[in-house]
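Just below is one structure, and these are the notes that go with it.
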Number of protein chains: 2
Amino acid sequence: MPKVEVCFSPALYPYLEKGDDTITVVIDVLRATTSICTAFDYGVKEIIPVNSIEAAMIHKENGHLVAAERDGIKPAFADFSNSAFDFMNDAIAGKSIYYTTTNGTMAIELATGAGKVAIASFLNIPAITQWLISQNANIILLCAGWKNNYCIEDTLCAGAIAKSLIHDKRFDLAGDSALSSVTLWNNCKKEPETMIRKSSHFKRLKRLGYDNVLSYTLQIGTSNSVPVMQGISIVNLSNANHNKTV
Amino acid sequence: MPKVEVCFSPALYPYLEKGDDTITVVIDVLRATTSICTAFDYGVKEIIPVNSIEAAMIHKENGHLVAAERDGIKPAFADFSNSAFDFMNDAIAGKSIYYTTTNGTMAIELATGAGKVAIASFLNIPAITQWLISQNANIILLCAGWKNNYCIEDTLCAGAIAKSLIHDKRFDLAGDSALSSVTLWNNCKKEPETMIRKSSHFKRLKRLGYDNVLSYTLQIGTSNSVPVMQGISIVNLSNANHNKTV
(Lines give C-alpha, C1' and ligand atoms only; values in the text may rest on other atoms or scores of the structure.)
Protein backbone atom coordinates (compact mmCIF):
# COMPACT_ATOMS: atom_id res chain seq x y z
CA MET A 1 0.00 0.00 0.00
CA PRO A 2 1.42 3.45 -0.85
CA LYS A 3 2.29 5.78 2.01
CA VAL A 4 1.70 9.45 2.73
CA GLU A 5 4.21 11.49 4.72
CA VAL A 6 4.14 15.15 5.75
CA CYS A 7 7.25 17.33 5.61
CA PHE A 8 7.02 20.32 7.98
CA SER A 9 9.66 22.49 6.30
CA PRO A 10 11.68 22.63 3.07
CA ALA A 11 14.74 22.30 5.35
CA LEU A 12 13.57 18.80 6.38
CA TYR A 13 12.80 17.63 2.83
CA PRO A 14 16.31 16.27 2.14
CA TYR A 15 15.99 13.89 5.11
CA LEU A 16 12.85 12.12 3.87
CA GLU A 17 13.03 8.88 1.95
CA LYS A 18 12.01 9.35 -1.67
CA GLY A 19 11.69 6.99 -4.60
CA ASP A 20 11.63 7.80 -8.32
CA ASP A 21 7.85 7.67 -8.34
CA THR A 22 7.26 9.70 -5.14
CA ILE A 23 4.84 12.59 -5.68
CA THR A 24 5.55 15.75 -3.71
CA VAL A 25 2.53 17.95 -3.06
CA VAL A 26 3.47 21.53 -2.15
CA ILE A 27 1.20 23.35 0.31
CA ASP A 28 1.42 27.09 1.02
CA VAL A 29 -2.05 27.97 2.25
CA LEU A 30 -1.18 31.61 2.95
CA ARG A 31 -0.68 32.13 0.01
CA ALA A 32 1.04 30.70 -3.08
CA THR A 33 -0.78 27.42 -3.53
CA THR A 34 -4.21 28.89 -2.76
CA SER A 35 -3.46 31.55 -5.37
CA ILE A 36 -2.33 28.97 -7.94
CA CYS A 37 -5.59 27.01 -7.53
CA THR A 38 -7.53 30.27 -7.93
CA ALA A 39 -5.58 31.25 -11.07
CA PHE A 40 -6.48 27.91 -12.68
CA ASP A 41 -10.10 28.41 -11.64
CA TYR A 42 -9.95 31.61 -13.71
CA GLY A 43 -8.51 29.75 -16.69
CA VAL A 44 -4.81 30.63 -16.59
CA LYS A 45 -2.94 28.45 -19.11
CA GLU A 46 0.20 27.82 -17.07
CA ILE A 47 2.17 29.14 -14.11
CA ILE A 48 5.94 29.14 -14.35
CA PRO A 49 7.70 29.28 -10.96
CA VAL A 50 10.89 31.32 -10.89
CA ASN A 51 13.27 31.43 -7.98
CA SER A 52 14.38 35.07 -7.85
CA ILE A 53 13.04 38.58 -8.11
CA GLU A 54 15.75 39.29 -10.68
CA ALA A 55 14.55 36.45 -12.94
CA ALA A 56 10.95 37.65 -12.54
CA MET A 57 11.98 41.18 -13.59
CA ILE A 58 13.60 39.86 -16.76
CA HIS A 59 10.39 37.99 -17.69
CA LYS A 60 8.44 41.22 -17.08
CA GLU A 61 10.82 43.17 -19.32
CA ASN A 62 10.25 40.53 -22.00
CA GLY A 63 6.54 41.27 -21.96
CA HIS A 64 5.25 38.44 -19.76
CA LEU A 65 2.78 38.62 -16.90
CA VAL A 66 4.51 38.36 -13.53
CA ALA A 67 3.28 37.65 -9.99
CA ALA A 68 5.78 38.33 -7.23
CA GLU A 69 6.10 38.65 -3.48
CA ARG A 70 8.89 38.99 -0.93
CA ASP A 71 8.26 39.17 2.82
CA GLY A 72 4.53 39.52 2.11
CA ILE A 73 4.88 42.55 -0.17
CA LYS A 74 4.43 42.91 -3.97
CA PRO A 75 7.42 44.49 -5.74
CA ALA A 76 6.32 47.53 -7.79
CA PHE A 77 7.17 45.98 -11.16
CA ALA A 78 4.91 42.93 -10.75
CA ASP A 79 1.43 42.61 -12.30
CA PHE A 80 0.06 40.55 -9.43
CA SER A 81 0.82 40.07 -5.75
CA ASN A 82 0.71 36.71 -3.98
CA SER A 83 -2.94 37.15 -2.97
CA ALA A 84 -5.60 34.87 -4.45
CA PHE A 85 -7.78 37.95 -4.89
CA ASP A 86 -5.37 39.27 -7.54
CA PHE A 87 -6.04 36.23 -9.73
CA MET A 88 -9.83 36.54 -9.67
CA ASN A 89 -9.69 38.15 -13.06
CA ASP A 90 -11.05 36.74 -16.31
CA ALA A 91 -8.30 38.60 -18.18
CA ILE A 92 -5.79 35.90 -17.10
CA ALA A 93 -7.64 33.14 -19.04
CA GLY A 94 -5.31 31.43 -21.49
CA LYS A 95 -2.28 33.38 -20.29
CA SER A 96 1.09 32.31 -18.85
CA ILE A 97 2.18 33.84 -15.54
CA TYR A 98 5.71 33.82 -14.15
CA TYR A 99 5.55 33.55 -10.36
CA THR A 100 8.00 34.02 -7.48
CA THR A 101 7.25 34.06 -3.73
CA THR A 102 9.13 33.96 -0.43
CA ASN A 103 8.17 30.38 0.41
CA GLY A 104 5.79 28.67 -2.02
CA THR A 105 7.75 28.80 -5.26
CA MET A 106 10.96 28.01 -3.37
CA ALA A 107 9.35 24.81 -2.08
CA ILE A 108 8.14 23.96 -5.60
CA GLU A 109 11.65 24.40 -6.97
CA LEU A 110 13.09 22.17 -4.22
CA ALA A 111 10.58 19.41 -4.94
CA THR A 112 10.98 19.61 -8.71
CA GLY A 113 14.37 17.96 -8.44
CA ALA A 114 12.89 14.88 -6.79
CA GLY A 115 10.04 13.58 -9.00
CA LYS A 116 6.44 14.52 -9.74
CA VAL A 117 5.18 17.73 -8.13
CA ALA A 118 1.58 18.78 -7.50
CA ILE A 119 0.01 21.77 -5.77
CA ALA A 120 -2.61 21.74 -3.02
CA SER A 121 -4.56 24.11 -0.81
CA PHE A 122 -7.76 23.73 1.16
CA LEU A 123 -9.65 24.85 -1.99
CA ASN A 124 -8.76 21.79 -4.08
CA ILE A 125 -8.53 19.02 -1.46
CA PRO A 126 -11.20 16.76 -3.05
CA ALA A 127 -9.82 17.27 -6.58
CA ILE A 128 -6.16 16.74 -5.69
CA THR A 129 -7.00 13.77 -3.45
CA GLN A 130 -8.85 12.09 -6.31
CA TRP A 131 -5.87 12.65 -8.63
CA LEU A 132 -3.38 11.38 -6.03
CA ILE A 133 -5.41 8.20 -5.50
CA SER A 134 -5.31 7.61 -9.27
CA GLN A 135 -1.48 7.82 -9.24
CA ASN A 136 -1.05 4.99 -6.69
CA ALA A 137 2.38 6.22 -5.55
CA ASN A 138 4.03 7.29 -2.28
CA ILE A 139 3.27 10.90 -1.41
CA ILE A 140 5.09 13.64 0.51
CA LEU A 141 2.95 16.60 1.54
CA LEU A 142 5.53 19.41 1.68
CA CYS A 143 4.54 22.36 3.85
CA ALA A 144 6.18 25.48 2.44
CA GLY A 145 6.27 27.14 5.88
CA TRP A 146 7.82 30.58 6.39
CA LYS A 147 11.55 30.83 5.71
CA ASN A 148 12.00 27.18 6.69
CA ASN A 149 10.01 27.61 9.89
CA TYR A 150 7.04 25.38 10.64
CA CYS A 151 3.59 26.88 9.88
CA ILE A 152 0.39 25.61 11.42
CA GLU A 153 -1.91 26.47 8.51
CA ASP A 154 0.08 24.34 6.06
CA THR A 155 0.18 21.50 8.61
CA LEU A 156 -3.61 21.56 9.03
CA CYS A 157 -4.08 21.42 5.25
CA ALA A 158 -1.60 18.52 5.04
CA GLY A 159 -3.48 16.77 7.85
CA ALA A 160 -6.78 17.19 6.01
CA ILE A 161 -5.31 15.76 2.78
CA ALA A 162 -3.59 12.88 4.60
CA LYS A 163 -6.87 12.06 6.31
CA SER A 164 -8.66 11.99 2.93
CA LEU A 165 -5.97 9.69 1.54
CA ILE A 166 -6.08 7.14 4.38
CA HIS A 167 -9.88 7.03 4.15
CA ASP A 168 -10.97 3.67 2.68
CA LYS A 169 -7.46 2.40 3.54
CA ARG A 170 -5.96 3.36 0.18
CA PHE A 171 -2.83 4.81 1.85
CA ASP A 172 -0.89 4.28 5.09
CA LEU A 173 0.52 7.10 7.18
CA ALA A 174 4.30 6.92 6.71
CA GLY A 175 5.53 8.45 9.93
CA ASP A 176 5.16 10.76 12.91
CA SER A 177 4.72 13.99 10.92
CA ALA A 178 1.71 12.56 9.11
CA LEU A 179 0.30 11.15 12.36
CA SER A 180 0.68 14.54 14.09
CA SER A 181 -0.86 16.42 11.17
CA VAL A 182 -3.93 14.19 11.06
CA THR A 183 -4.29 14.42 14.85
CA LEU A 184 -4.07 18.23 14.72
CA TRP A 185 -6.57 18.38 11.86
CA ASN A 186 -9.01 16.12 13.71
CA ASN A 187 -8.59 18.39 16.73
CA CYS A 188 -9.18 21.64 14.83
CA LYS A 189 -11.34 20.72 11.85
CA LYS A 190 -14.53 22.13 13.30
CA GLU A 191 -12.90 25.53 13.71
CA PRO A 192 -9.60 25.69 11.81
CA GLU A 193 -9.94 29.46 11.54
CA THR A 194 -9.66 29.80 15.33
CA MET A 195 -6.30 28.01 15.27
CA ILE A 196 -4.97 29.76 12.16
CA ARG A 197 -5.81 33.19 13.60
CA LYS A 198 -3.22 32.37 16.29
CA SER A 199 -0.56 31.50 13.69
CA SER A 200 2.56 33.56 13.08
CA HIS A 201 1.89 33.76 9.33
CA PHE A 202 -1.66 35.07 9.75
CA LYS A 203 -0.48 37.68 12.27
CA ARG A 204 2.18 38.76 9.75
CA LEU A 205 -0.43 39.15 6.98
CA LYS A 206 -2.68 41.05 9.36
CA ARG A 207 0.13 43.49 10.18
CA LEU A 208 0.48 44.04 6.42
CA GLY A 209 -3.26 44.75 6.13
CA TYR A 210 -4.18 41.46 4.39
CA ASP A 211 -6.45 40.01 7.08
CA ASN A 212 -9.42 39.54 4.74
CA VAL A 213 -8.01 36.48 2.94
CA LEU A 214 -8.43 33.80 5.60
CA SER A 215 -12.05 32.78 5.17
CA TYR A 216 -11.46 32.41 1.41
CA THR A 217 -8.41 30.14 1.87
CA LEU A 218 -10.27 27.83 4.26
CA GLN A 219 -13.04 26.87 1.84
CA ILE A 220 -12.60 23.13 1.24
CA GLY A 221 -13.47 21.90 -2.25
CA THR A 222 -14.43 25.13 -4.00
CA SER A 223 -11.83 24.49 -6.72
CA ASN A 224 -11.52 21.56 -9.14
CA SER A 225 -7.96 22.56 -10.07
CA VAL A 226 -5.34 19.80 -10.25
CA PRO A 227 -2.12 21.81 -10.68
CA VAL A 228 0.82 19.57 -11.61
CA MET A 229 4.35 20.43 -12.80
CA GLN A 230 5.08 19.46 -16.40
CA GLY A 231 8.55 20.52 -17.52
CA ILE A 232 9.06 24.05 -16.22
CA SER A 233 5.35 24.89 -15.93
CA ILE A 234 2.49 24.13 -13.60
CA VAL A 235 -0.54 23.11 -15.68
CA ASN A 236 -4.05 22.06 -14.76
CA LEU A 237 -4.82 18.33 -15.16
CA SER A 238 -8.42 18.73 -14.05
CA ASN A 239 -11.01 16.95 -16.17
CA ALA A 240 -13.78 19.17 -14.88
CA ASN A 241 -15.47 21.45 -17.37
CA HIS A 242 -15.51 24.22 -14.86
CA ASN A 243 -12.89 24.61 -12.18
CA LYS A 244 -14.99 26.72 -9.92
CA THR A 245 -17.38 24.48 -8.06
CA VAL A 246 -19.33 27.38 -6.58
CA MET B 1 7.46 38.44 29.00
CA PRO B 2 9.90 35.70 27.92
CA LYS B 3 8.83 33.30 25.18
CA VAL B 4 8.98 29.57 24.69
CA GLU B 5 9.42 28.06 21.22
CA VAL B 6 9.61 24.43 20.12
CA CYS B 7 12.08 23.26 17.48
CA PHE B 8 10.97 20.03 15.79
CA SER B 9 14.37 18.97 14.45
CA PRO B 10 18.05 19.84 14.83
CA ALA B 11 17.91 20.72 11.10
CA LEU B 12 15.45 23.55 11.86
CA TYR B 13 17.45 24.94 14.81
CA PRO B 14 19.56 27.34 12.70
CA TYR B 15 16.39 29.08 11.46
CA LEU B 16 15.10 30.02 14.92
CA GLU B 17 15.78 33.43 16.42
CA LYS B 18 18.17 33.21 19.37
CA GLY B 19 19.61 35.78 21.75
CA ASP B 20 22.69 35.50 23.95
CA ASP B 21 20.54 34.54 26.92
CA THR B 22 18.31 32.02 25.14
CA ILE B 23 18.19 28.66 26.92
CA THR B 24 17.93 25.58 24.72
CA VAL B 25 16.36 22.55 26.36
CA VAL B 26 17.20 19.30 24.57
CA ILE B 27 14.52 16.58 24.57
CA ASP B 28 15.16 13.00 23.45
CA VAL B 29 12.51 10.99 25.26
CA LEU B 30 13.50 7.70 23.64
CA ARG B 31 16.22 7.77 24.98
CA ALA B 32 19.16 10.05 25.72
CA THR B 33 17.55 12.70 27.89
CA THR B 34 15.45 10.22 29.87
CA SER B 35 18.66 8.27 30.51
CA ILE B 36 20.56 11.42 31.57
CA CYS B 37 17.87 12.28 34.14
CA THR B 38 18.02 8.71 35.42
CA ALA B 39 21.81 8.79 35.68
CA PHE B 40 21.64 11.92 37.85
CA ASP B 41 18.93 10.27 39.96
CA TYR B 42 21.52 7.57 40.67
CA GLY B 43 24.11 10.15 41.62
CA VAL B 44 26.38 10.38 38.56
CA LYS B 45 28.79 13.33 38.95
CA GLU B 46 28.77 14.52 35.35
CA ILE B 47 27.93 13.41 31.83
CA ILE B 48 30.24 14.50 29.04
CA PRO B 49 28.63 14.39 25.58
CA VAL B 50 30.93 13.35 22.74
CA ASN B 51 30.02 13.50 19.10
CA SER B 52 31.58 10.37 17.64
CA ILE B 53 32.03 6.69 18.34
CA GLU B 54 35.77 7.16 17.70
CA ALA B 55 36.03 9.83 20.42
CA ALA B 56 34.04 7.62 22.80
CA MET B 57 36.44 4.69 22.15
CA ILE B 58 39.44 6.87 23.02
CA HIS B 59 37.84 7.84 26.35
CA LYS B 60 37.18 4.15 27.04
CA GLU B 61 40.84 3.30 26.27
CA ASN B 62 41.84 6.01 28.73
CA GLY B 63 39.93 4.24 31.49
CA HIS B 64 36.71 6.26 31.55
CA LEU B 65 33.14 4.98 31.70
CA VAL B 66 31.41 5.24 28.33
CA ALA B 67 27.77 5.08 27.24
CA ALA B 68 27.21 4.74 23.50
CA GLU B 69 24.56 3.98 20.92
CA ARG B 70 24.25 4.10 17.14
CA ASP B 71 21.01 3.22 15.30
CA GLY B 72 19.59 1.94 18.58
CA ILE B 73 22.41 -0.53 19.27
CA LYS B 74 25.21 -0.46 21.90
CA PRO B 75 28.72 -0.86 20.45
CA ALA B 76 30.55 -3.75 22.12
CA PHE B 77 33.25 -1.57 23.76
CA ALA B 78 30.77 0.63 25.69
CA ASP B 79 29.95 0.17 29.39
CA PHE B 80 26.35 1.34 28.99
CA SER B 81 23.78 1.48 26.20
CA ASN B 82 21.39 4.39 25.68
CA SER B 83 18.69 2.79 27.85
CA ALA B 84 17.70 4.41 31.14
CA PHE B 85 17.69 0.93 32.67
CA ASP B 86 21.49 0.75 32.22
CA PHE B 87 21.96 3.74 34.54
CA MET B 88 19.86 2.36 37.39
CA ASN B 89 23.04 1.34 39.13
CA ASP B 90 24.41 2.75 42.37
CA ALA B 91 27.95 2.06 41.09
CA ILE B 92 27.72 5.18 38.89
CA ALA B 93 27.41 7.52 41.92
CA GLY B 94 30.15 10.17 41.84
CA LYS B 95 31.47 9.00 38.47
CA SER B 96 31.92 10.77 35.11
CA ILE B 97 30.38 9.16 32.03
CA TYR B 98 31.28 9.97 28.42
CA TYR B 99 28.16 9.65 26.26
CA THR B 100 27.43 9.50 22.53
CA THR B 101 24.11 8.71 20.83
CA THR B 102 22.56 8.89 17.35
CA ASN B 103 20.35 11.87 18.09
CA GLY B 104 20.42 13.17 21.66
CA THR B 105 24.08 14.04 22.11
CA MET B 106 24.18 15.45 18.55
CA ALA B 107 21.38 17.85 19.48
CA ILE B 108 23.19 18.80 22.70
CA GLU B 109 26.34 19.57 20.74
CA LEU B 110 24.38 21.71 18.25
CA ALA B 111 22.75 23.73 21.02
CA THR B 112 25.98 24.17 23.00
CA GLY B 113 27.21 26.68 20.45
CA ALA B 114 24.19 28.94 21.03
CA GLY B 115 23.97 29.68 24.78
CA LYS B 116 22.80 27.85 27.90
CA VAL B 117 21.73 24.22 27.44
CA ALA B 118 19.52 22.13 29.71
CA ILE B 119 18.15 18.59 29.45
CA ALA B 120 14.53 17.50 29.79
CA SER B 121 12.40 14.38 29.62
CA PHE B 122 8.96 13.54 30.96
CA LEU B 123 10.68 12.40 34.19
CA ASN B 124 11.93 15.84 35.23
CA ILE B 125 9.23 18.17 33.84
CA PRO B 126 8.33 19.79 37.19
CA ALA B 127 12.00 20.20 38.22
CA ILE B 128 13.19 21.61 34.90
CA THR B 129 10.14 23.87 34.61
CA GLN B 130 10.86 25.34 38.04
CA TRP B 131 14.49 25.99 37.07
CA LEU B 132 13.50 27.52 33.70
CA ILE B 133 11.06 29.88 35.41
CA SER B 134 13.87 31.02 37.74
CA GLN B 135 16.04 31.90 34.71
CA ASN B 136 13.50 34.34 33.21
CA ALA B 137 14.89 33.98 29.66
CA ASN B 138 13.57 32.97 26.24
CA ILE B 139 13.49 29.21 25.77
CA ILE B 140 13.80 26.87 22.82
CA LEU B 141 12.64 23.30 23.42
CA LEU B 142 14.78 21.36 20.94
CA CYS B 143 13.36 17.96 19.95
CA ALA B 144 16.26 15.66 19.10
CA GLY B 145 14.12 13.66 16.68
CA TRP B 146 15.55 10.76 14.69
CA LYS B 147 18.26 11.65 12.17
CA ASN B 148 16.72 15.11 11.73
CA ASN B 149 13.22 13.70 11.25
CA TYR B 150 10.33 14.85 13.42
CA CYS B 151 9.42 12.57 16.37
CA ILE B 152 6.07 12.64 18.08
CA GLU B 153 7.29 11.58 21.55
CA ASP B 154 9.70 14.52 21.79
CA THR B 155 6.98 16.88 20.56
CA LEU B 156 4.55 15.67 23.23
CA CYS B 157 7.18 16.21 25.94
CA ALA B 158 7.91 19.71 24.54
CA GLY B 159 4.18 20.43 24.54
CA ALA B 160 3.87 19.35 28.17
CA ILE B 161 6.81 21.57 29.20
CA ALA B 162 5.53 24.55 27.17
CA LYS B 163 2.13 24.13 28.78
CA SER B 164 3.74 24.18 32.25
CA LEU B 165 5.68 27.33 31.34
CA ILE B 166 2.68 29.30 30.05
CA HIS B 167 0.69 28.37 33.14
CA ASP B 168 0.27 31.44 35.36
CA LYS B 169 1.20 33.53 32.29
CA ARG B 170 4.93 33.54 33.05
CA PHE B 171 5.81 32.79 29.40
CA ASP B 172 4.22 33.39 25.99
CA LEU B 173 4.20 30.82 23.20
CA ALA B 174 6.63 32.15 20.58
CA GLY B 175 5.23 30.59 17.41
CA ASP B 176 3.37 27.88 15.55
CA SER B 177 5.59 24.97 16.66
CA ALA B 178 4.90 25.73 20.33
CA LEU B 179 1.18 26.20 19.63
CA SER B 180 1.01 22.86 17.78
CA SER B 181 2.95 21.05 20.51
CA VAL B 182 0.68 22.30 23.29
CA THR B 183 -2.40 21.44 21.21
CA LEU B 184 -1.09 17.92 20.58
CA TRP B 185 -0.23 17.46 24.26
CA ASN B 186 -3.68 18.65 25.34
CA ASN B 187 -5.14 16.20 22.84
CA CYS B 188 -3.09 13.21 24.02
CA LYS B 189 -2.22 13.90 27.65
CA LYS B 190 -4.73 11.44 29.06
CA GLU B 191 -3.19 8.63 27.04
CA PRO B 192 0.19 9.68 25.61
CA GLU B 193 1.27 6.04 25.51
CA THR B 194 -1.41 5.25 22.91
CA MET B 195 0.01 7.93 20.60
CA ILE B 196 3.66 7.08 21.22
CA ARG B 197 3.04 3.39 20.53
CA LYS B 198 2.17 4.51 16.97
CA SER B 199 5.43 6.46 16.61
CA SER B 200 8.24 5.47 14.26
CA HIS B 201 10.83 5.64 17.04
CA PHE B 202 8.90 3.32 19.36
CA LYS B 203 8.35 0.84 16.55
CA ARG B 204 12.10 0.91 15.86
CA LEU B 205 12.91 0.21 19.53
CA LYS B 206 10.35 -2.58 19.57
CA ARG B 207 11.98 -4.22 16.53
CA LEU B 208 15.25 -4.11 18.48
CA GLY B 209 13.59 -5.77 21.48
CA TYR B 210 13.49 -2.66 23.71
CA ASP B 211 9.72 -2.33 24.01
CA ASN B 212 9.74 -2.41 27.82
CA VAL B 213 11.05 1.14 28.27
CA LEU B 214 7.99 3.19 27.33
CA SER B 215 6.01 3.20 30.56
CA TYR B 216 9.17 4.24 32.46
CA THR B 217 9.86 7.19 30.13
CA LEU B 218 6.30 8.52 30.44
CA GLN B 219 6.37 8.99 34.22
CA ILE B 220 6.02 12.73 34.77
CA GLY B 221 7.90 14.16 37.75
CA THR B 222 9.64 11.06 39.11
CA SER B 223 13.03 12.79 38.85
CA ASN B 224 14.25 15.99 40.50
CA SER B 225 17.25 16.19 38.16
CA VAL B 226 18.08 19.58 36.62
CA PRO B 227 20.79 18.65 34.09
CA VAL B 228 22.52 21.73 32.70
CA MET B 229 25.66 22.10 30.56
CA GLN B 230 28.60 23.73 32.33
CA GLY B 231 31.70 23.86 30.17
CA ILE B 232 32.00 20.48 28.47
CA SER B 233 29.93 18.59 31.06
CA ILE B 234 26.30 18.17 31.97
CA VAL B 235 25.93 18.57 35.75
CA ASN B 236 22.94 18.44 38.06
CA LEU B 237 21.76 21.81 39.43
CA SER B 238 19.00 20.24 41.48
CA ASN B 239 18.69 21.52 45.03
CA ALA B 240 16.77 18.45 46.08
CA ASN B 241 18.44 16.16 48.62
CA HIS B 242 17.25 13.16 46.72
CA ASN B 243 16.73 13.14 43.00
CA LYS B 244 14.40 10.22 42.95
CA THR B 245 10.95 11.40 44.00
CA VAL B 246 9.51 7.91 44.11
Side-chain angles (χ1 to χ4, degrees), chain A residues 3 5-18 29-30 103 140-159 166 172-189 191-192 194-204, chain B residues 3 5-18 29-30 103 140-159 166 172-189 191-192 194-204:
Chain A
K3 292 187 175 184
E5 183 54 295
V6 175
C7 182
F8 286 145
S9 161
L12 297 180
Y13 189 70
Y15 301 103
L16 292 184
E17 285 180 24
K18 290 175 277 290
V29 167
L30 300 168
N103 306 294
I140 296 172
L141 303 172
L142 171 57
C143 300
W146 180 268
K147 297 185 176 180
N148 285 318
N149 283 297
Y150 171 90
C151 280
I152 212 161
E153 71 278 6
D154 295 340
T155 305
L156 290 176
C157 185
I166 59 174
D172 274 335
L173 296 180
D176 290 12
S177 307
L179 179 61
S180 277
S181 303
V182 171
T183 305
L184 270 178
W185 173 246
N186 283 337
N187 190 260
C188 305
K189 65 186 173 189
E191 288 189 278
T194 305
M195 180 65 114
I196 295 177
R197 282 188 175 277
K198 297 177 188 169
S199 75
S200 304
H201 202 155
F202 177 74
K203 289 177 185 168
R204 191 178 305 111
Chain B
K3 292 186 175 184
E5 183 54 294
V6 175
C7 182
F8 287 145
S9 162
L12 297 181
Y13 189 70
Y15 301 103
L16 292 184
E17 286 181 22
K18 291 175 277 289
V29 167
L30 299 169
N103 306 293
I140 295 172
L141 304 172
L142 171 56
C143 300
W146 180 266
K147 298 186 175 180
N148 284 317
N149 284 297
Y150 171 91
C151 280
I152 211 160
E153 70 279 6
D154 295 340
T155 305
L156 289 175
C157 185
I166 59 174
D172 274 335
L173 296 180
D176 290 12
S177 307
L179 179 60
S180 278
S181 303
V182 172
T183 305
L184 270 178
W185 173 246
N186 283 337
N187 189 260
C188 305
K189 66 187 176 191
E191 286 188 277
T194 305
M195 180 66 113
I196 295 176
R197 282 189 176 276
K198 297 177 189 171
S199 75
S200 303
H201 202 152
F202 177 74
K203 289 176 186 168
R204 190 179 306 110

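Note that the structure is predicted; figures quoted are calculated from it, not measured. Convention: sequence-line order gives letters A, B, ...; per-chain numbering from 1.
- Under the side chain to side chain donor-acceptor pair (under 3.5 Å) criterion, B:Thr183 pairs with no residue at all, not counting sequence neighbours.
- The CG atom of B:Asn187 sits 8.0 Å away from the CG atom of A:Asn186 when rounded to the nearest 0.5 Å.
- Residue A:Lys3 qualifies as open at atom NZ: its count of foreign heavy atoms under 6.0 Å is 12 or below.
- When each of A:Gly175, A:Ala174, A:Cys151 is checked for heavy-atom pairs under 4.5 Å with chain B, A:Cys151 comes out on top.
- Only the side chain of A:Phe8 has a heavy atom closer than 4.5 Å to any heavy atom of chain B.
- Taken to the nearest 0.5 Å, the CD atom of B:Glu5 stands 7.0 Å off from the OG atom of A:Ser200.
- Between A:Leu184 and B:Ser180, the closest side-chain pair of non-hydrogen atoms falls below 4.5 Å.
- For the pair B:Leu173/A:Lys198, no side-chain contact is recorded, criterion being any heavy-atom separation below 4.5 Å from C-beta on.
- Looking only at side-chain heavy atoms (C-beta outward), A:Glu153 and B:Asp176 come within less than 4.5 Å of each other.
- For A:Asp172, the side chain to side chain donor-acceptor pair (under 3.5 Å) criterion is met by no residue, not counting sequence neighbours.
- For residues 140-150 of chain A, a heavy-atom distance under 4.5 Å to chain B picks out A:Lys147, A:Asn148, A:Asn149, A:Tyr150, given by residue number.
- In terms of the side chain to side chain donor-acceptor pair (under 3.5 Å) criterion, A:Asn103 has no residue partners (sequence neighbours excluded).
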